[in-house]
Amino acid sequence: MIDGKKILFSGMQSTGNLTIGNYLGALKNWLTLSDEYECFYSVVDMHSITIRQDPSELRKRARNLLTLYIAAGLDPKKNCIYYQSHVSGHAELAWILNCFTYIGELNRMTQFKDKATKHADNINAGLYTYPVLMAADILLYQSDVVPVGKDQLQHLEITRDIAQRFNAIYGDIFTIPEPYMGKAGANIRSLQNPEKKMSKSDENANASIYLMDDPDTIIRKFKRAVTDSEASVRYRDEQPGIKNLIEIYCACTGKTPEETEKEFDGKGYSEFKPAVGEAVVSVLKPVQDRFYELSKDKAYIDGIIKENAEKANYYATKTLRKVQKKIGFPERIR
Ligand code: TYM
């Protein structure tokens, strides 16, 4: 608890261009939860280097992502928006937690298996222990809740397991976090292959809607989305392409799948697909406009980076010192 409020932590990698999967699965829920919780929203740049990055590109993307958090509507005075690499406690706690995580647990992580297949020439130790750094992110702030998309649930589970293991030995040190997923949008699929999740790193640009895509591109991509020959807008597993479009439509409009089925009853995909595109444009356009506006104000963004790093460091250090003491590291002499 901070000032009587429960604590929320979440983060995104500053790798590639964000997609509406990131927006609808995570960022959108961050906005609705931000009043109720004391929130920490990190640009997790340390996670990004598990895959080889171009340094200047990584720096640029990290700043754009931080700006985007604010452009999406998170108030940086109320929410702690910061770079993970500015708070050394993440790495320090991750080391400690590494010593409380079993290789067998890490071997089960599906994201590691996927990424190791994709980057077979660079299966580094960081990629393998990635979930431990993620556990450190969350536990460092004594987080109660972690809003994420479905693909991160396994990482939340291992975080809980590590925390419980640690607590069983040393007493109630860590809050055990709960994942949070929104009603719609937790599992947005590729527009070209609904068997796959929509991902920043998809080689086919038509498979993903990027947050910065212009309205024409968005509409065009939806028109080209892979569907089926049923010609009926129904929310069911047998029509995965259409199910995904309904999911996106609902996440953007707040409507339910039943309401959407009714709205498009008797109408073809040529009417439904552009309507989904329009719904997405109306959500993204204001965020894009605000992003371009904010990007011009260097001093404002710099101020936020500095202030929020100090705030995050303060809370991170509190937990870290407690943990270091418990495991027997020598006390600091002041
Ligand atoms: P990342 O950067 O891949 O994604 C950021 C958030 O977007 C969600 N997401 C999706 N949701 C629905 N449909 C999709 N197609 C989709 N694609 C991505 C993700 O679930 C995530 O919530 N390991 C994390 C970042 C991280 C983190 C953390 C998250 C590091 N430490 C601590 C929460 C708490 C990641 O790579 O997310």
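When a ligand or atom number is given, it counts from 1 through the structure's own listing order. If you read the sequence from its start, that first residue is 1, and numbering goes on from there.
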Exercise. Who's touching ligand 1 if we go heavy atoms under 4.0 Å?
Worked result: F9, S10, G11, M12, Q13, G21, N22, G25, A26, V44, H47, Y130, M134, D137, I138, V146, V148, G149, D151, Q152, G185, A186, N187, I188, M198, K200
Exercise. Can you tell me if D45 and S85 form a side-chain donor-acceptor pair at under 3.5 Å?
Worked result: yes
Exercise. Quick one: does L191's side chain get under 4.5 Å of M198's, heavy atoms only?
Worked result: yes
Please report, to 0.1 Å, the donor-acceptor pairs under 3.5 Å made by any side chain of residues 74-81, with sequence neighbours excluded.
from, atom 1, to, atom 2, distance (Å)
D75, OD1, K77, N, 2.8
K77, NZ, E307, OE1, 3.4
N79, ND2, D75, O, 2.9

For this session: May I ask you to decide if the ring planes of F264 and F272 are parallel, tilted or perpendicular, using 30° and 60° as cut-offs?
Result: perpendicular
Exercise. Which atoms form the tightest heavy-atom contact between I173 and K322, and what is the distance?
Worked result: O-NZ, 4.2 Å
For this session: For the residue pair H155 and Y130, categorise the inter-ring angle as parallel (less than 30°), tilted (30 to 60°) or perpendicular (more than 60°).
Result: tilted
